[in-house]
S.K.: 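Sending over a structure as C-alpha cells; questions will come in a sec.
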Amino acid sequence: MNAAKRYGHIVIDVVIVSGLIFAAVWLWMNLCVMPLRSFNDMRLAPTIGLTHGYQLYPGANGPASTWMYGPLPVWLNLPAAAAAGPMGQLLIAGGINMLLNLAAIAAVCWWWPQGTISGRGRLIAAVIAIAAVPWANWQFIQADNYAIALGLLANLAVMRAAGSESSQRLLWTAAMLATATMVCKQTSIAVPSAQLLWLGLTVDRTAVWRHLGRLCCCGCGWLLLILLTCTPESFWFTAVLTPSRLPGRERLDELTPLAWTLGVFLVVPLVVQSWLRWERADRPLLLATLSWLVAWVPGLASIWKIGGSSNCLQGFSLWVPVAAVVGIGVAEQRFGRLVTWLAVIVGSGMLLVQGFGELPVRLTWPTMGVYDEAVALARKLPGQIWFPCHPLVTLQSDGKLYHAEDGLYVRRVCQLPMPPDVLRAGLPPELRAIGTTNSGSSWGIAQEIIGPPAGRHEFSYWTVITARPRR
C-alpha cells in the first residue's frame with residue numbers, strides 16, 4: 001500500500017511538473033508574439049519617448065499618443081529603454097508585464113490564507129490561474145495588467161494583515177498598492193473599494209475609517225508624484241479630458257463579440273461562489289469576490305465606450321487566482337487530493353490548448369529581424385517616412401517621436417481637432433512615404449494625410465507606400 005501511494009505521488013508530481021512546463025511554454029509563446037502587435041509598439045512609445053526628452057503626456061500640442069492612462073505602467077517599463085532597438089524594447093517591456101503578473105499570481109497562490117490547501121494544491125492553483133486569465137493579459141502592454149497585478153498584491157497584504165504582528169505595516173502596503181492601481185488606470189477603483197467593504201463586513205467601522213485615511217494619504221502621495229513629474233495641463237488634456245470625451249457605442253449588438261467573455265466572467269464566479277457558500281467555505285474568497293463585483297461598474301462603462309474590450313473587466317483576473325486557491329483547498333477535503341489535482345490539471349491543460357489554438361502565429365523564438373528591416377528602411381529615408389502604427393521605428397532611426405495613428409483616431413472621435421501646424425510638427429519634415437505591416441494600418445488616417453499613393457513596395461514584413469509629389 002505504501003509503495004502504491006508513493007507511486008501515485010510520483011505520478012501526480014510528474015503531472016504537476018508537466019502542467020507547469022506547459023504553462024511556461026504558453027507564456028513564452030505569448031512573449032514571442034507580443035512584439036508583432038502594433039498595439040504594443042504604440043503603447044510603449046511614451047516610455048521610450050521619455051528617454052528622448054518627450055513628455056509622458058503630449059497634451060493638445062504634442063505628438064498624438066494612444067496612452068490615456070496613469071503614468072505608473074510607463075515608469076515601470078523604463079528598463080525597456082536600455083535595449084538597443086525596438087524589438088529588444090518590446091521584449092523587455094513584455095517581460096516586465098509578464099513577470100509582474102506572474103509574481104502577483106504566484107504570491108497569491110502561495111500565501112493567500114486558506115488553511116486546508118496542500119503545497120501541491122497551491123502549485124496547481126498557479127497553473128489554473130495562468131491558464132484561466134484572459135490571453136490578452138499576456139500578449140498586450142495595457143494599463144489593466146499592471147493594475148491587476150498590483151491589485152492582487154494589495155488584497156494579499158490586507159488578508160495577511162489579519163492577526164499579524166506587522167498588521168499596520170501590511171495595511172499601509174495594501175493602501176499604497178491599492179491606490180497604485182488607479183495610478184495605472186484611472187477607473188481601477190475595484191480594489192480600494194473592495195478593501196473598505198471587506199473591512200466593514202469582517203471587522204468594524206473604525207477599521208474602515210482608518211483604512212480610508214491610509215488610502216487618502218497614499219492617493220495624495222501618488223497625486224503629488226504625478227504633479228511633480230508631469231505637466232498638469234498636458235496630464236489633464238491627455239488623461240482626463242480625452243478619455244472623458246470618448247463616445248459610446250451606437251448599438252447594443254456591437255457588444256456581441258464580447259457576449260461569450262461577459263458570460264464566462266459572470267457565470268463562473270457565481271457558480272464557484274455558490275458552491276463555496278454551500279460548503280460554508282466562502283469566507284477566504286470574500287475580498288476577491290467583492291473586487292470582482294465592484295469592478296463590473298467601471299468595466300461595463302468602459303466597454304460601452306468605443307475601443308473598450310474585455311481587458312476593461314479587471315474583476316475576473318482579480319478573482320481567479322484567489323478562487324483557485326480557495327476552491328482547490330475545499331475540493332481537496334471534499335473529493336480527495338489526487339482527484340482534485342488531476343481534475344484541475346486536466347482542466348488547465350484544456351484551457352491552454354484552447355489558448356494555443358487562438359495564437360495569431362505560433363512562434364518558438366522572437367522574429368528578431370522584423371524591426372531590423374523596418375529601421376533599415378527608415379534610415380534609407382531619414383525624415384521622409386512615417387510608420388503610423390509603429391512609432392518606435394522612427395524613434396530609433398530619426399530620434400523623433402511622431403504621431404501614432406491610433407492617437408490621431410482618438411483625437412478625431414473625441415472631437416478634439418488638431419491644428420494643422422501641430423499635425424505637421426508631429427510628422428516627418430519631408431514626408432513622402434508611410435510604412436505599415438503587410439496587413440496595412442488600422443484606421444486609414446495615415447493614407448488620408450499623404451494622399452493618393454504613387455507606389456506600393458512590399459518587403460518580407462513591411463509595406464512602403466509612397467505619396468505622389470505635391471504641386
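Values below: every heavy atom of this structure, side chains too, minus hydrogens, waters and symmetry copies. For the single chain, residues carry numbers from 1 onward in sequence order.
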S.K.: Just verifying a value: how many Å separate Lys305 NZ and Cys414 SG, rounded to the nearest 0.5 Å?
M.R.: 8.0 Å
S.K.: Could you tell me which non-hydrogen atom of Asn97 sits nearest to which non-hydrogen atom of Asn145, and how far apart they are?
M.R.: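 Closest pair (atom of Asn97, atom of Asn145, distance): OD1-ND2, 3.0 Å.
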S.K.: Any side-chain to backbone donor/acceptor pair from Thr181 onto Ser188? Under 3.5 Å, distance only.
M.R.: yes
S.K.: Answer yes or no: is there a side-chain heavy-atom contact under 4.5 Å between Pro86 and His390?
M.R.: no
S.K.: Quick one: closest heavy-atom pair of Leu255 and Arg249, and the distance?
M.R.: CD2-NE, 3.4 Å
S.K.: With the side chain counted from C-beta on, respond yes when Leu318 and Trp292 share a heavy-atom pair under 4.5 Å apart, and no when they do not.
M.R.: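 Leu318 does not reach Trp292 side chain to side chain.
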S.K.: Check whether Thr238 reaches the backbone of Phe235 with its side chain - one donor and one acceptor, N or O, closer than 3.5 Å.
M.R.: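 Judged by distance alone, no pair lies under 3.5 Å.
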S.K.: Is any side-chain heavy atom of Leu91 less than 4.5 Å from a side-chain heavy atom of Pro35?
M.R.: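 Yes, at least one pair of side-chain atoms sits under 4.5 Å.
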S.K.: State whether the number of non-hydrogen atoms from other residues, nucleotides or ligands found under 6.0 Å of Arg334 atom CZ is greater than 12.
M.R.: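 Count not over threshold, so no.
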S.K.: To the nearest 0.5 Å, tell me how far Leu215 CG sits from Met176 CE.
M.R.: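 Rounded to the nearest 0.5 Å, the CG-CE separation comes to 12.0 Å.
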S.K.: So, Thr340 side chain and Ala331 main chain: donor-acceptor pair closer than 3.5 Å or not?
M.R.: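 Indeed, once roles are kept as given, a pair shorter than 3.5 Å links the two residues.
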S.K.: Please lay out, stage by stage, how Asp282 and Trp275 fare under the test side chain to side chain contact (heavy atoms under 4.5 Å, CB included).
M.R.: CA-CA 8 Å; Asp282 59 322; Trp275 170 60; over 6 Å; no
S.K.: Do Leu225 and Val183 touch side chain to side chain, with heavy atoms closer than 4.5 Å?
M.R.: no
S.K.: Can you label the angle between the Phe140 ring and the Trp135 ring as parallel, tilted or perpendicular, going by 30° and 60°?
M.R.: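 Aromatic pair Phe140/Trp135 classed tilted.
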S.K.: Given Ile130, which partner from the list Leu351, Leu27, Asn137 fulfils the side-chain contact (heavy atoms from CB on, under 4.5 Å) test?
M.R.: Leu27
S.K.: At their closest point, which heavy atom of Asp41 faces which heavy atom of Cys389, and how far apart are they?
M.R.: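 What the structure gives for the nearest pair is CB-O, 3.9 Å.
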S.K.: Between Gln114 and Thr116, do the side chains contain an N or O donor and an N or O acceptor separated by less than 3.5 Å?
M.R.: yes
S.K.: Quick one: does any side-chain atom of Ser317 pair with a main-chain N or O of Gln314 as donor and acceptor, under 3.5 Å?
M.R.: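 Answer holds: no.
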S.K.: Strictly under 6.0 Å, is that where the ring centroids of Trp28 and Trp365 end up?
M.R.: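 Close enough - the centres of the two rings lie under 6.0 Å apart.
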S.K.: Determine whether a donor-acceptor pair (N or O, by modelled atom type, separation under 3.5 Å) exists between the side chain of Arg122 and the backbone of Trp110.
M.R.: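 Looks like yes, one N/O pair under 3.5 Å.
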S.K.: With heavy-atom distances below 4.5 Å as the criterion, would you say the side chains of Arg210 and Leu171 are in contact?
M.R.: no
S.K.: Ala143 and Cys184: which non-hydrogen atoms are nearest, and at how many Å?
M.R.: CB-O, 3.3 Å
S.K.: Are side-chain heavy atoms of Leu90 and Met34 found at a separation under 4.5 Å?
M.R.: no
S.K.: Check the orientation of Phe265 and Phe316. Use parallel for under 30°, tilted for 30 to 60°, and perpendicular for over 60°.
M.R.: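 Judged by the thresholds at 30° and 60°, the geometry between Phe265 and Phe316 is parallel.
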S.K.: Please check: side-chain N/O of Arg160 versus main-chain N/O of Leu170, any donor-acceptor pairing under 3.5 Å?
M.R.: no
S.K.: Counting only N and O atoms by type, is there a donor-acceptor contact under 3.5 Å from the side chain of Gln396 to the main-chain atoms of Val375?
M.R.: no
S.K.: With a 4.5 Å heavy-atom cut-off, do Trp138 and Asn101 have their side chains touching?
M.R.: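 Yes. Closest side-chain heavy atoms under 4.5 Å.
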S.K.: Measure the OH-CG distance between Tyr54 and Leu401 for me, rounded to the nearest 0.5 Å.
M.R.: 5.5 Å
S.K.: Is there a donor-acceptor pair under 3.5 Å between the side chain of Trp67 and the backbone N or O of Gly70?
M.R.: yes
S.K.: Taking the six-membered ring for Trp, are the ring centroids of Phe22 and Phe356 within less than 6.0 Å of each other?
M.R.: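 They qualify: ring centres under 6.0 Å apart.
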S.K.: Does Leu313 reach the side chain of Leu262, with side-chain heavy atoms less than 4.5 Å apart?
M.R.: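 The answer is yes; the side chains approach within 4.5 Å.
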S.K.: Under the criterion side-chain contact (heavy atoms from CB on, under 4.5 Å), which of Leu287, Leu285, Ile117 is the partner of Trp112?
M.R.: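 Answer to the side-chain contact (heavy atoms from CB on, under 4.5 Å) test with Trp112 among Leu287, Leu285, Ile117: Leu287.
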S.K.: Please check if the side chain of Ser309 supplies one atom and the backbone of Asn311 the other of a donor-acceptor pair under 3.5 Å.
M.R.: no
S.K.: Which atoms form the tightest heavy-atom contact between Ala154 and Ala178, and what is the distance?
M.R.: CB-N, 3.6 Å
S.K.: Counting only heavy atoms not in Trp236, do more than 12 fall under 6.0 Å of its CH2?
M.R.: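 It does not: Trp236 CH2 has 12 such atoms or fewer within range.
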S.K.: Between Asn40 (side chain only) and Ile141 (backbone N and O only), is there a donor and an acceptor less than 3.5 Å apart?
M.R.: yes
S.K.: Could you state the interatomic distance from CG (Leu223) to SG (Cys216), rounded to the nearest 0.5 Å?
M.R.: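 Leu223 atom CG to Cys216 atom SG measures 12.0 Å (nearest 0.5 Å).
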S.K.: Using a distance-only test with no angle check, is there a side-chain donor-acceptor pair under 3.5 angstrom linking Asn77 and Thr47?
M.R.: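 The criterion, which ignores hydrogens and geometry beyond distance, is not satisfied for Thr47 and Asn77.
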S.K.: Between Ser274 and Leu270, what is the shortest heavy-atom contact and its length?
M.R.: OG-O, 2.7 Å
